[in-house]
Colleague: 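Here's a structure for you.
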Amino acid sequence: MDILIRPAVPADYEPLGEITAQAYLQDGLLLFGESDWYLEELKDVAKRASAADVLVATENDDVLGGVTFVPSGGPMADLARPGEAEIRMLAVAHAARGRGIGQALVQACVDRASGTATGVVLCTQPTMHTAHRIYERLGFTRAPERDWNPIAGDDFTLLTYELTL
């Protein structure tokens, strides 16, 4: 695998935004499909990059996937406690799946957190079984007491995984 994991640059923002949006759409992860309000958040990589570290996986300069790494205390954290880093919006292009890219992106986040954070936390949807296997292979464990509902008054629950460093 000649995959390079590196910080995203502005030229990566549009392709990564499209990969992320399509991954969520094609995997049925948006409650309201193409009219879901979260779709625009997924596409807005520039916004994420201004508040967190966005990493991309590339091969021959082609963006294959990416992830948002929120250092401890970062403004994009949804559930991180003091001292914890957070992983958000992991996505790999459908054509590039099955090559270890998702795991490499998560590992890059863990590596960034090592030495500066006490742990790493992330949330995931119950149906994201492939992602769950990646997290568990890397030592993350379920933290059901930290599961949460991002949409007030809705039954939509995100599962929490955590890794102590």
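The model shown is predicted, which means the values in this text are computed figures rather than measured ones.
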Colleague: Are Leu16 and Val54 close enough that some pair of their side-chain heavy atoms sits under 4.5 Å apart?
Modeller: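 With C-beta onward as the side chain, the pair touches.
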Colleague: In the structure I gave you, are the side-chain heavy atoms of Glu59 and Ile101 within less than 4.5 Å of one another anywhere?
Modeller: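 No, their side chains stay 4.5 Å or more apart.
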Colleague: Do other residues, nucleotides or ligands put more than 12 heavy atoms under 6.0 Å from the CD atom of Gln26?
Modeller: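 Yes.
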Colleague: Consider only side-chain N and O atoms of Gln22 and Glu18, and report whether a donor and an acceptor are under 3.5 Å apart.
Modeller: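 Short answer, yes.
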Colleague: Using modelled atom types and a 3.5 Å cut-off, is there a donor and acceptor pairing between side-chain atoms of Arg88 and backbone atoms of Val67?
Modeller: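 The answer is no, because no donor-acceptor pair under 3.5 Å joins these two groups.
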Colleague: Which of these, Ile87, Thr164, Val121, Thr124, sits in a side-chain contact (heavy atoms from CB on, under 4.5 Å) with Phe140?
Modeller: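 The single option meeting the side-chain contact (heavy atoms from CB on, under 4.5 Å) with Phe140 is Ile87.
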Colleague: I need the minimum non-hydrogen distance between Leu105 and Val56, along with the two atoms involved.
Modeller: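 Nearest heavy atoms, Leu105 then Val56: CD2-C, 4.0 Å.
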Colleague: Quick one: CG on Leu158 to CG on Asn149, what's the gap to the nearest 0.5 Å?
Modeller: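 Going from CG on Leu158 over to CG on Asn149, the span is 7.5 Å.
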Colleague: Just so I know, are the side chains of Thr68 and Val70 near enough to count as touching, which here means a heavy-atom distance under 4.5 Å?
Modeller: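 Answer yes - side chains close enough.
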Colleague: Any side-chain heavy atom of Val45 within less than 4.5 Å of one from Met89?
Modeller: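 Contact flag for Val45/Met89 side chains = no.
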Colleague: Please check this pair: side chain of Arg146 against backbone of Leu79, looking for a donor-acceptor N/O pair closer than 3.5 Å.
Modeller: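 Judged by distance alone, yes, a pair lies under 3.5 Å.
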Colleague: Looking at Glu14, I want to see if its CD is surrounded by more than 12 non-hydrogen atoms of other residues, nucleotides or ligands under 6.0 Å.
Modeller: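 It does not: Glu14 CD has 12 such atoms or fewer within range.
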Colleague: Is a side-chain donor or acceptor of Asp27 paired with a backbone partner of Leu29 at a separation under 3.5 angstrom?
Modeller: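 Absent.
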Colleague: Among Leu55, Ile5, Leu138, find the residue that satisfies the side-chain contact (heavy atoms from CB on, under 4.5 Å) test when tested with Cys109.
Modeller: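 By the side-chain contact (heavy atoms from CB on, under 4.5 Å) criterion, Cys109 pairs with just one of Leu55, Ile5, Leu138: Leu55.
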Colleague: Using atom types as modelled and distance alone, determine if a side-chain donor or acceptor of Thr20 lies under 3.5 Å from a backbone N or O of Lys43.
Modeller: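 No, the answer is negative, given that no donor and acceptor are paired below the 3.5 Å cut-off.
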Colleague: Mind checking whether Thr141 and Tyr161 have side chains closer than 4.5 Å, heavy atoms only?
Modeller: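 Not in contact.
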Colleague: Charged N to carboxylate O below 4.0 Å: is that the case for Asp53 and Arg48?
Modeller: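 Result for this pair is no, no salt bridge flagged.
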Colleague: Taking the side chain as everything from C-beta on, heavy atoms only, tell me whether Tyr24 gets closer than 4.5 Å to Leu39.
Modeller: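 When only atoms from C-beta onward are counted, Leu39 and Tyr24 do not touch, as no gap falls below 4.5 Å.
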Colleague: One thing to verify: whether Glu86 and Arg81 come together as a salt bridge, which I'm taking to mean a side-chain N less than 4.0 angstrom from a carboxylate O.
Modeller: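 Salt bridge between Arg81 and Glu86, a charged N being under 4.0 Å from a carboxylate O: no.
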Colleague: Is there a side-chain contact between Glu162 and Leu122 in this structure, where contact means two heavy atoms from C-beta onward sitting under 4.5 Å apart?
Modeller: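 Side chain of Glu162 against side chain of Leu122, heavy atoms only: no contact under 4.5 Å found.
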Colleague: Could Asp2 and Arg99 be called an ion pair, given the rule that one side-chain N must be under 4.0 Å from one carboxylate O?
Modeller: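 Salt bridge between Asp2 and Arg99, a charged N being under 4.0 Å from a carboxylate O: no.
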Colleague: Answer whether the closest heavy-atom distance between the side chains of Thr157 and Gln125 falls below 4.5 Å.
Modeller: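 They are not in contact (no side-chain heavy atoms under 4.5 Å apart), so the answer is no.
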Colleague: Is Asp44 reaching over with its side chain to a backbone N or O of Glu41, donor-acceptor style, under 3.5 angstrom?
Modeller: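 It does not hold such a pair.
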Colleague: Rounded at 0.5 Å granularity, tell me how far OG1 in Thr58 sits from CG in Asp12.
Modeller: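 Nearest 0.5 Å value for the OG1-CG distance: 7.5 Å.
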